[in-house]
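Data first, discussion second: the structure below is written as structure tokens.
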Amino acid sequence: MLFSFLLAAQGGPDAFGYYWRDNRGGPPYATFNWIDVGEPAVECYAQFYETADPTEYWIERPLSADQLFPRSDEAVTAVPIPFDMIFYGSVHPAGDSLYVSSNVVVSFDSTLSDDDASNDPVPSTGTPNHTVIAPFWDDMKSAAYVWTVSDLSTLPGGWAGWEGHQALVIEWDSIAYWSNGSPDSYGKIELIVTDSIRNGNSVIVWVFYGDYQSTSTTSASIGTENEDGSVGCAYTGGINDGFGSTPFVTDYNPGAVLLHDTLLGDTGVHYIVSGDDVVDTIPAPFKMMLYGFPLYAGDPITVSTNGWAALGNFLSSSYRNNTSLPDAAFPNSLLAVFWDDLVVLGSVKYKVVGTAPNRTLVIEWDSVKRYGSSSGSARFQVQIKEITDTSDHSLQSEISFLYGDTDFGSSTPSATIGIENALGDTALLYTGSAITGTAPNISAIDTNVVILFTKGTATSTSEGASYRELFNTLAAVYSSSGRLVGWAKVESGIPQLKTLKLPPGVYFVRTGNRIGRYLVR
């Protein structure tokens with residue numbers, strides 16, 4: 001005889017009436033609906049045309065071209081630019097200098113020197129910055145020439161339709177890795193900067209000519225970056241297809257690439273934080289409710305790289321040491337999606353999907369490992385549903401925790417998963433079958449799991465009265481500019497602002513329907 005056992009797919013209620021449901025075991029199930037947040041929008045010099053025929057855009061060097069330097073191992077020369085150039089929204093007026101290096105890289109930054117033979121990834125905040133353009137940046141020997149073209153349409157090949165457009169042409173000739181002197185390996189590259197504007201920025205062209213072949217290991221960078229190196233784009237197209245990826249390009253195919261500044265990614269996706277023990281706040285995009293306390297559009301949500309978010313609080317600590325819940329210590333109003341000592345290798349980002357009054361806030365932790373692990377690729381997210389009526393405190397936002405890739409690496413884990421109220425005296429921990437270990441020492445969670453937290457029917461006739469009492473013993477604290485900075489307990493009618501460790505200033509405190517003004521010295 002066969003027996004079947006259904007593992008619990010539901011837990012709770014806690015003192016407030018919250019339940020959790022997941023998509024494991026028996027009914028009732030929650031539905032796993034991962035929302036792909038995507039990537040934040042960034043400006044990037046992206047190709048809009050590429051050809052394998054280098055002669056289509058190659059410009060023959062005239063006899064009048066100026067030689068910037070003979071074939072050199074390390075050389076940099078300043079070139080006056082003949083017309084306004086715009087890169088990543090920054091205008092470089094005619095007469096300013098463009099610095100050209102024998103290492104097949106240019107920059108508007110005078111810090112570009114003959115010592116910059118070691119290429120950086122693109123983008124990189126290391127010097128040189130100030131709009132780097134790197135057709136093939138590595139430790140190279142080359143000669144360089146420069147000239148201008150007054151009307152590109154007079155040239156053969158693909159320049160038809162470029163009537164009246166000027167260009168500054170920089171050509172690197174006899175290119176080889178610094179230790180390779182064989183003429184058979186020489187290549188040629190042109191950088192053509194035009195006065196044609198697309199998306200508000202100059203169009204540039206790279207032309208790779210000749211059969212460059214390195215006999216030494218190279219790791220060239222191909223791409224562009226903005227003034228401080230915070231934004232940029234590495235080129236990984238067909239010209240270097242099969243030869244590695246930036247910044248480890250070892251060779252290139254002949255061909256031409258036309259690039260212009262464009263917006264890549266999703267303008268609705270917003271970056272929050274990344275790294276180790278980092279925290280920041282985002283504005284709530286709509287009304288939401290957790291444990292009976294409303295959060296309005298514009299109120300703060302603090303997000304930590306350590307796998308948690310706190311509603312209605314400005315917190316400066318990332319609180320890497322997770323605890324069991326409930327816990328009166330910060331963080332409170334807590335969504336502990338996977339609270340542990342984590343490092344975010346990718347980013348924490350958010351997006352609002354749907355249309356009012358049915359929107360969802362999605363906060364995603366991407367490419368996460370446990371602190372001390374050599375690697376990790378975990379991805380998880382929290383989804384918070386919009387509500388339209390915050391006067392009815394029985395209505396609560398649906399909150400879902402979703403887990404995609406759950407490889408956190410090999411360090412010993414002790415995560416907490418659950419939700420907690422603003423006072424830290426009521427909470428609901430997840431204890432389902434999808435985890436290994438018991439709260440708050442969860443060692444692992446399965447992939448493709450969803451945990452849905454919802455408010456159920458009150459299990460006690462005193463729950464409503466207890467809630468009303470709780471609502472009148474918790475104060476919302478606002479800065480003088482009207483920003484919610486946190487919640488404070490009320491004892492003997494006095495809000496305990498000192499528990500928030502507020503800096504000196506004037507604050508407004510709301511308890512129930514009453515508002516008071518307080519001075520913190």
Side-chain angles (χ1 to χ4, degrees), residues 15-16 18 272-273 278-304 306 308-319 323 325-336 339 350 361 363 382 384 386-387 389-393 395-397 399 419-427 466-521:
F16 184 72
Y18 268 114
I272 308 174
V273 287
V278 186
V279 67
D280 204 352
T281 59
I282 64 172
F286 46 70
K287 295 177 183 178
M288 54 186 71
M289 189 90 80
L290 177 68
Y291 279 99
F293 293 95
L295 198 70
Y296 299 96
D299 285 348
I301 300 174
T302 299
V303 182
S304 170
N306 291 315
W308 58 262
L311 306 186
N313 285 291
F314 283 106
L315 298 174
S316 59
S317 174
S318 65
Y319 293 101
T323 64
L325 302 177
D327 186 343
F330 287 137
N332 301 127
S333 293
L334 182 64
L335 307 179
W339 182 15
Y350 75 95
L361 170 64
I363 303 173
V382 57
I384 308 171
E386 178 180 16
I387 60 171
D389 185 359
T390 53
S391 63
D392 182 353
H393 297 284
L395 299 175
Q396 305 298 307
S397 298
I399 296 171
I419 61 174
E420 181 189 67
N421 72 348
L423 286 176
D425 61 5
T426 301
S466 298
Y467 168 70
R468 285 192 294 272
E469 180 182 358
L470 178 64
F471 187 62
N472 287 312
T473 57
L474 194 65
V477 183
Y478 298 85
S479 68
S480 58
S481 63
R483 298 183 70 184
L484 180 66
V485 296
W487 298 89
K489 291 184 179 181
V490 177
E491 296 178 359
S492 302
I494 301 175
Q496 302 300 303
L497 272 63
K498 62 182 179 181
T499 62
L500 295 178
K501 300 180 181 179
L502 298 171
V506 175
Y507 295 88
F508 296 91
V509 180
R510 174 172 57 83
T511 307
N513 295 322
R514 295 177 298 172
I515 297 178
R517 181 176 181 273
Y518 288 78
L519 176 64
V520 176
R521 298 180 183 273

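One-based numbering along the sequence shown. Side chains included, hydrogens not; waters and symmetry mates left out as well; all remaining heavy atoms used. Note that this is a predicted model, so its numbers are computed, not measured.
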- Rounded to the nearest 0.5 Å, how far apart are CG of L311 and CG of N421? 11.5 Å
- Item | Spacing of I384 atom CD1 and F286 atom CZ [to the nearest 0.5 Å] | 7.0 Å
- Task: In sequence, state the C-alpha distance, the side-chain angles, and the governing distance for E420 and D327, and then conclude on side-chain contact (heavy atoms from CB on, under 4.5 Å).
- Result: CA-CA 8 Å; E420 181 189 67; D327 186 343; 4.0 Å; yes
- Message: I'd like to check the ring pair (Phe, Tyr, Trp, His ring centres under 6.0 Å) partners of Y350; sequence neighbours left out, ordered by chain and number.
- Response: H270
- Item | Criterion side-chain contact (heavy atoms from CB on, under 4.5 Å) on V382 and I399, from CA distance to verdict | CA-CA 7 Å; V382 57; I399 296 171; 3.9 Å; yes
- In Å and rounded to the nearest 0.5 Å, what is the CZ to OG1 distance from F330 to T323? 13.0 Å
- Task: Specify the closest pair of heavy atoms between L315 and A310, including all atoms of both residues, with the distance to one decimal.
- Result: CD1-CB, 4.1 Å
- Task: For the residue pair I301 and L335, establish whether any side-chain heavy-atom pair is separated by less than 4.5 Å.
- Result: no
- If only atom types and distance count, is the side chain of S397 paired as donor or acceptor with the main-chain N or O of M289 below 3.5 Å? yes
- Task: Would you give the length of the straight line joining atom CG of L295 to atom CG of L290, rounded to the nearest 0.5 angstrom?
- Result: 9.0 Å
- Would you please test I419 and Y291 for side-chain contact (heavy atoms from CB on, under 4.5 Å) and show each step? CA-CA 9 Å; I419 61 174; Y291 279 99; 3.6 Å; yes
- Do W308 and P331 come close enough that some side-chain heavy atom pair is under 4.5 Å? yes
- Query: Do you know the tightest heavy-atom contact between Y296 and A284?
  - Reply: O-CB, 3.6 Å
- CH2-CG distance between W339 and N306, expressed to the nearest 0.5 angstrom: 9.5 Å
- Do you know which two heavy atoms are closest between L325 and A427, and how far apart they sit? CB-CB, 3.6 Å
- Note on the structure: Shortest non-hydrogen pair, P326 vs T426, comes out as CB-N, 3.6 Å
- Item | Matching residue for D280 among V303, I272, T302 - test: side-chain contact (heavy atoms from CB on, under 4.5 Å) | I272
